[in-house]
Each structure stands twice: as C-alpha cells, then as structure tokens.
Amino acid sequence: MSLFITNSLTGKKEKFKPITPNSVSIYFCGLTVSDLPHLGHARAWVHVDVMRRWLEYLGFSVTYVENFTDINEKIVARLGESDYGSSESEVATYFINKALEDMNSLGLKSAHVYPKASEHIPEIIAIISSLIDSNHAYESNGSVYFDVSSFDNYGALSKPNLDEEFFSDSPEEVSDKRHPHDFALWKSGQVPPESISKYRDSNLPPITAPSGDVWDSPWGLGRPGWHIECSAMSMTHLSNTIDIHAGGQDLMFPHHENEKAQSEASTGENFANFWIHVRLLETHGEKMSSSLKNYFSVANAISEFGPNSIKMFLISTSYHSHQAYSESALHEAVERWRRLERAYLRTTNALLEPSPHSTTTDENLRKSIESSVRNFQTALDDDFNTREALVAIFDVVNSLNQHLETHEEYDHFGLNLAIKTLDDLARDVLGFSFVVADSNESFSDTITSLIDSREQERSKGNYDKADEIRKELELLGIIVEDTAEESTYRHK
RNA sequence: GCAUAGGUGGCAGAGUGGCUACGCGUCCGCCUGCAGAGCGGAUAUACGCCGGUUCGAAUCCGGCCCUAUGCUCCA
C-alpha cells in the first residue's frame with residue numbers, strides 16, 4: 001500500500017514520495033494574527049494535523065513547521081483597540097497566544113517550530129537581495145518588486161489565464177511597478193493611513209498617521225511584503241525544497257503562486273513537491289471569514305460542543321471538498337462522537353469486570369476489527385479520506401456493541417484488541433481523546449448524596465421521586481444510565 | 001469573464017463502470033419501572049440537466065445549467 005495525495009500543482013492524485021526516505025518536511029501556511037481563529041481555520045488545522053499524524057503512523061519522521069504572519073496591515077488596524085496592545089507586535093502576540101490556546105484545546109500536535117515573520121527580517125532581506133542581483137526583482141522608490149515576467153513558470157500553481165487581459169494595466173497601483181502583477185517584496189516606510197482604514201473598526205478613532213513596525217534594509221526603512229516571509233521561513237526551518245506545502249484554498253493565488261515564484265527564482269530549485277489546499281468552510285453559502293463577520297470562533301465552538309465533537313464535524317468531510325457549517329451539522333457530529341465515545345467507555349468498563357481469562361472467542365468481532373484496520377489504512381492512503389476512515393472506526397463500534405449485546409461472557413482478547421485499535425487509529429491518528437472508564441470516579445458530596453437518595457427511592461419503587469432526582473443530576477452534568485443490574489453515574 | 005473545485009436519498013456526506021456506504025433524522029420491534037443507551041428491522045423511486053459510449057453509467061465522453069473559492073485582506 002502506498003499513500004496518494006492530490007497535488008494542486010498538477011491537479012492529480014500522485015503517489016507520495018519524500019525527498020529523503022523515511023522523513024517528511026511539511027510547511028503549513030498559518031494565520032495572519034489579526035483576529036480570533038474561527039472554525040474555518042480549525043478545519044485546515046485539524047485536517048493537516050491528521051495528515052501529519054498519518055505520515056507518522058506510516059513510519060515517517062515528520063518535521064512540521066507552522067508560521068504566524070505577524071506583520072500585516074490588518075494587525076496595524078487594531079492598534080489601540082481593546083487591550084490588545086499599543087504596537088503591531090503586541091497586537092500580534094495577543095492573537096498568537098489565542099491561536100496557540102485554541103490549537104491546544106483541540107488537541108493538535110504541536111509544530112516543531114512556529115516561526116514569525118518579524119523574526120526573519122535578515123533572511124527576508126537576503127532573499128530579496130539575491131533576487132535583485134539575478135534581475136528577478138527591482139527597486140523603485142524604496143520598495144522592491146518581483147518582476148513576474150522574469151519567471152517563466154509563473155502561474156503553474158493557480159493556473160490563471162495569462163492572456164492579454166491579465167497583462168493589461170489596471171488603473172490603480174501601477175505607479176512604482178513595471179507591471180501591474182509584479183508584487184511587493186519590500187514596502188517602503190510605515191503603513192499609510194489609507195491602507196488601514198478599510199480594516200479599521202468604524203467605531204474606533206481612525207488612524208491618521210503612518211504606523212506599524214518598520215525595519216532597516218538596503219532600501220531604507222520599510223516592511224516585508226506578504227509572500228516573502230513564507231519563503232524565508234520555509235527555507236530557514238526546512239530546506240530549499242520541501243515535501244509538502246499546505247494551506248487553505250484561498251491562499252493559492254496570489255500568496256502561494258508568488259511564494260513559489262520568488263523562492264524558485266532565488267534558489268533555482270523546486271520550492272515544494274506537493275501542494276495541498278484544504279477547501280473552505282462555508283456558512284450561508286459563503287466562506288467563513290473574519291472580514292465577512294460570519295465566523296464562529298474556535299474558542300466558542302469548543303466551549304459549546306467540546307473539542308472531540310468539533311473534530312468529528314470537521315473531519316466528517318474530506319479536506320478536498322468544501323464543507324457547510326450549520327447548527328444541525330454540528331449536532332450530528334455531537335451524536336457521532338457520543339456514539340464512538342460510549343462504545344469505548346462501555347468496552348473499557350466491560351474489561352474492568354472479572355473473568356479476565358475468559359475463554360470466549362468471538363470470531364466475528366476479531367475479524368471485523370482486522371478488516372476495519374485495513375479499511376482505515378486504505379482510506380487515509382487514498383488522499384487522506386477521513387470520512388471513509390470514520391466508516392472503519394464505526395465498524396469497530398458496531399462490532400463492539402453487537403458483541404457486548406449478545407454475549408454473557410466477553411471475549412477479553414477481542415475487546416482489548418478493539419481498544420488498542422481505537423487507541424491507535426481514532427486517538428493517535430484522528431486525534432480524538434477518550435476518557436478511560438474509571439470505577440472510582442469521584443463526585444462532590446452534594447452529588448453523592450443525590451445518587452444515594454435516588455438509589456433508595458428506586459429500590460423502594462418510588463420512581464416518580466427517583467426520576468425527579470435524575471433530572472436534578474442531569475442538570476448538574478451527571479449522566480445517569482440504568483440497566484437491569486445497576487445504575488451508572490458519570491460526568492458529562 | 002477566466003481559473004480551480006463541487007452538484008448524490010428528509011439532512012449530511014463517501015463512493016470513479018455491475019456489489020446495503022457509515023452516520024444523523026423518522027417509524028416499528030426487543031430490552032427497561034420509565035427515560036436514555038444499545039440491539040434488530042424498516043424508511044429514503046438518491047445520484048444537476050440533455051445527449052453519447054457500453055451488455056451495463058452516480059462513475060467514462062460531449063454540451064449545458066447551478067454553487068463555492070480565487071483573480072493582489074484571507075486557513
């Protein structure tokens with residue numbers, strides 16, 4: 001078996017082959033930190049996290065780099081707002097910390113490095129200088145632009161129609177450029193007020209003077225362009241050519257196209273062998289985005305639904321299709337997660353029971369687990385098909401429930417095999433976190449006494465009273481489940 | 001307009017030539033004091049439209065319609 005990935009560069013599913021055997025380098029084009037992360041961002045994070053985990057499962061040693069863009073007009077536009085900070089870097093730091101908190105709450109594996117644009121100015125300047133030396137870039141009034149016509153392969157990734165219309169002059173922003181599609185590598189001076197106003201909250205006092213952080217360079221004080229930072233960080237922390245460059249679909253043009261052009265013009269080598277673009281999350285027929293103000297923040301989503309349900313929602317559609325956000329879709333994800341979680345909990349509970357040396361053998365259970373593992377592997381090998389992978393997980397769930405339902409004495413080997421499978425696949429690859437059955441779960445005194453009195457009322461046959469207490473317990477976040485033999489109580 | 005992805009049953013969403021997708025929902029049954037969970041069963045004429053290829057098409061080919069994203073803010 002081998003892994004196939006849809007490469008946006010060719011538009012085809014290609015067999016994955018790393019540059020160096022057994023090791024993989026991934027660069028994830030991360031956030032511009034000018035706002036709270038929303039579910040759309042989380043969708044890209046979660047899918048790329050699963051990709052990384054799958055590569056690790058396959059035995060690759062993965063080096064994963066995820067950047068933060070902390071130099072940007074939108075960040076400057078939030079100066080003086082709330083308590084975010086009084087400088088561009090302070091505002092950026094505020095939102096970087098928020099993003100890291102969200103990633104942590106979602107249980108994502110940490111990147112090996114989270115580089116920031118502001119910490120790579122020397123590398124950025126070095127690349128720009130080399131591009132000027134090789135005539136791929138030119139200086140103009142203290143700014144530096146990449147000369148698109150100097151790079152033959154321009155457009156290979158996003159495949160824009162490079163016809164006359166593309167090359168025709170647009171009335172705006174041609175001033176310092178030789179060609180309208182040349183893009184800035186270095187921008188002279190601070191951010192002018194007119195570049196900020198469109199992002200500035202209209203309830204705030206407008207910014208009237210040039211602002212934002214600036215750095216010294218051979219071309220005078222200024223700021224790096226948007227695309228050059230990713231080239232610098234990818235090459236600094238990984239290498240000139242990397243295995244996988246991932247990001248949201250909306251970055252394909254111009255960001256990734258320009259990144260690729262300037263990097264390859266500078267090194268003469270391929271910038272990335274595989275380009276992966278995660279399709280966008282939509283809400284009411286348009287993409288979820290900060291600028292459209294139609295977003296659901298990751299933090300709010302997690303506090304309302306929990307990290308596992310959010311993940312279940314996001315990976316229930318493969319990364320290669322766009323996904324629609326709705327309340328009902330999230331509720332479905334909650335139910336799907338609960339079904340998985342309950343089966344896991346029920347099984348670990350069953351394993352706590354005596355008779356660990358049971359001689360019961362359930363071939364159906366064991367065979368079903370084996371084939372689920374194969375199906376799971378096939379699914380993820382096929383362009384990270386997370387939805388198909390979940391089908392395999394739910395096959396395990398079904399087999400478990402059937403076994404537990406129909407057997408007086410359990411197949412302990414089979415149950416242990418199932419738990420190991422769920423740990424290996426659902427937990428370690430898909431990133432879910434299971435709560436292990438704990439016979440000694442502790443409750444507060446209030447809850448313990450409620451449980452005790454409910455048990456008493458039930459044994460006396462006072463079901464009305466018992467049901468009343470059950471309702472109270474549920475309001476306190478305790479799930480009550482009665483079976484023929486006993487009742488169980490656990491935290492939600 | 002151009003480019004890139006999509007259009008599948010009530011919802012959501014896999015499936016690339018013949019085989020029940022998984023799930024959510026709804027309904028019936030079992031179980032249960034009841035509820036929930038679980039199990040068993042049912043429900044859904046599903047494949048954007050029109051042609052073509054084929055013994056056979058959701059799947060391949062052609063044309064058309066629609067949606068999203070991008071076309072210098074964006075995961």
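In this structure, the ring pair (Phe, Tyr, Trp, His ring centres under 6.0 Å) partners of Tyr325(A), at least two apart in sequence or on a different chain, are Phe296(A). Every residue meeting the side chain to side chain donor-acceptor pair (under 3.5 Å) condition with Lys109(A), not counting sequence neighbours, appears here in chain and number order: Glu56(A). Not counting sequence neighbours, the partners of Ser368(A) by the side chain to side chain contact (heavy atoms under 4.5 Å, CB included) test are Ser372(A), Ser399(A). Partners of Phe313(A) by ring pair (Phe, Tyr, Trp, His ring centres under 6.0 Å), not counting sequence neighbours: none found. For His331(A), the ring pair (Phe, Tyr, Trp, His ring centres under 6.0 Å) test picks out Phe305(A), with sequence neighbours left out.
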Identify every side-chain donor-acceptor pair in residues 276-284 of chain A under 3.5 Å, counting partners at least two apart or on other chains, and give the distances.
{"unit_1": "His277(A)", "atom_1": "ND1", "unit_2": "Ser8(A)", "atom_2": "OG", "d": "2.7"}
{"unit_1": "His277(A)", "atom_1": "NE2", "unit_2": "His256(A)", "atom_2": "ND1", "d": "2.8"}
{"unit_1": "Arg279(A)", "atom_1": "NH1", "unit_2": "Gln249(A)", "atom_2": "OE1", "d": "3.3"}
{"unit_1": "Glu282(A)", "atom_1": "OE2", "unit_2": "His322(A)", "atom_2": "ND1", "d": "3.2"}

Can I get a per-line list of side-chain donor-acceptor pairs under 3.5 Å for residues 66-78 of chain A, giving both atom names and the distance, sequence neighbours left out?
{"unit_1": "Asn67(A)", "atom_1": "OD1", "unit_2": "Tyr27(A)", "atom_2": "OH", "d": "3.3"}
{"unit_1": "Asn67(A)", "atom_1": "OD1", "unit_2": "Gly30(A)", "atom_2": "N", "d": "2.7"}
{"unit_1": "Asn67(A)", "atom_1": "ND2", "unit_2": "Thr69(A)", "atom_2": "OG1", "d": "3.4"}
{"unit_1": "Thr69(A)", "atom_1": "OG1", "unit_2": "Glu229(A)", "atom_2": "OE1", "d": "3.1"}
{"unit_1": "Thr69(A)", "atom_1": "OG1", "unit_2": "Glu229(A)", "atom_2": "OE2", "d": "3.1"}
{"unit_1": "Asp70(A)", "atom_1": "OD1", "unit_2": "Ala117(A)", "atom_2": "N", "d": "3.3"}
{"unit_1": "Asp70(A)", "atom_1": "OD1", "unit_2": "Ser118(A)", "atom_2": "N", "d": "3.0"}
{"unit_1": "Asp70(A)", "atom_1": "OD2", "unit_2": "Ser118(A)", "atom_2": "OG", "d": "2.5"}
{"unit_1": "Asn72(A)", "atom_1": "OD1", "unit_2": "Lys74(A)", "atom_2": "N", "d": "2.7"}
{"unit_1": "Glu73(A)", "atom_1": "OE2", "unit_2": "Lys187(A)", "atom_2": "NZ", "d": "2.9"}
{"unit_1": "Arg78(A)", "atom_1": "NE", "unit_2": "Glu81(A)", "atom_2": "OE1", "d": "3.1"}
{"unit_1": "Arg78(A)", "atom_1": "NH1", "unit_2": "Ser34(A)", "atom_2": "O", "d": "2.8"}
{"unit_1": "Arg78(A)", "atom_1": "NH1", "unit_2": "Asp35(A)", "atom_2": "OD1", "d": "3.2"}
{"unit_1": "Arg78(A)", "atom_1": "NH2", "unit_2": "Glu81(A)", "atom_2": "OE2", "d": "2.8"}

Polar-atom pairs under 3.5 Å, protein N or O versus N or O of nucleotides 20-23 of chain B: list them with distances, or write none.
{"unit_1": "C22(B)", "atom_1": "O2", "unit_2": "Arg336(A)", "atom_2": "NH1", "d": "3.4"}
{"unit_1": "C22(B)", "atom_1": "N3", "unit_2": "Arg387(A)", "atom_2": "NH2", "d": "3.1"}
{"unit_1": "G23(B)", "atom_1": "O4'", "unit_2": "Arg336(A)", "atom_2": "NH1", "d": "3.3"}
{"unit_1": "G23(B)", "atom_1": "O2'", "unit_2": "Arg336(A)", "atom_2": "NH1", "d": "3.1"}
{"unit_1": "G23(B)", "atom_1": "N2", "unit_2": "Glu332(A)", "atom_2": "OE1", "d": "2.7"}
{"unit_1": "G23(B)", "atom_1": "N2", "unit_2": "Glu332(A)", "atom_2": "OE2", "d": "3.2"}
{"unit_1": "G23(B)", "atom_1": "N3", "unit_2": "Glu332(A)", "atom_2": "OE2", "d": "3.2"}

Protein-nucleotides 68-70 of chain B N/O pairs under 3.5 Å:
{"unit_1": "A68(B)", "atom_1": "OP1", "unit_2": "Gly285(A)", "atom_2": "O", "d": "3.4"}
{"unit_1": "A68(B)", "atom_1": "O2'", "unit_2": "Glu282(A)", "atom_2": "OE2", "d": "2.6"}
{"unit_1": "U69(B)", "atom_1": "OP1", "unit_2": "Lys287(A)", "atom_2": "N", "d": "2.9"}
{"unit_1": "G70(B)", "atom_1": "OP1", "unit_2": "Lys287(A)", "atom_2": "NZ", "d": "2.7"}
{"unit_1": "G70(B)", "atom_1": "O2'", "unit_2": "Phe253(A)", "atom_2": "O", "d": "3.1"}

Q) Would you write out the dot-bracket form of RNA chain B, 5' to 3', with Watson-Crick and G-U pairs under 3.5 Å, [ ] for crossing pairs, | for pairs to other strands and . for unpaired bases? A) ((((((((.[[...)..(....]]((((((.......))))))....[[[[[..)....]]]]])))))))....

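The stretch residues 309-319 of chain A touches RNA chain B through Ser316(A), Thr317(A), Ser318(A), each having a heavy atom within less than 4.0 Å of the strand.
With respect to the salt-bridge test (charged N to carboxylate O, under 4.0 angstrom), the residues Arg338(A) and Glu335(A) qualify.
Residue pairs meeting the salt bridge (charged side-chain N to carboxylate O under 4.0 Å, His left out) criterion with at least one partner in residues 191-200 of chain A, sequence neighbours excluded, are absent.
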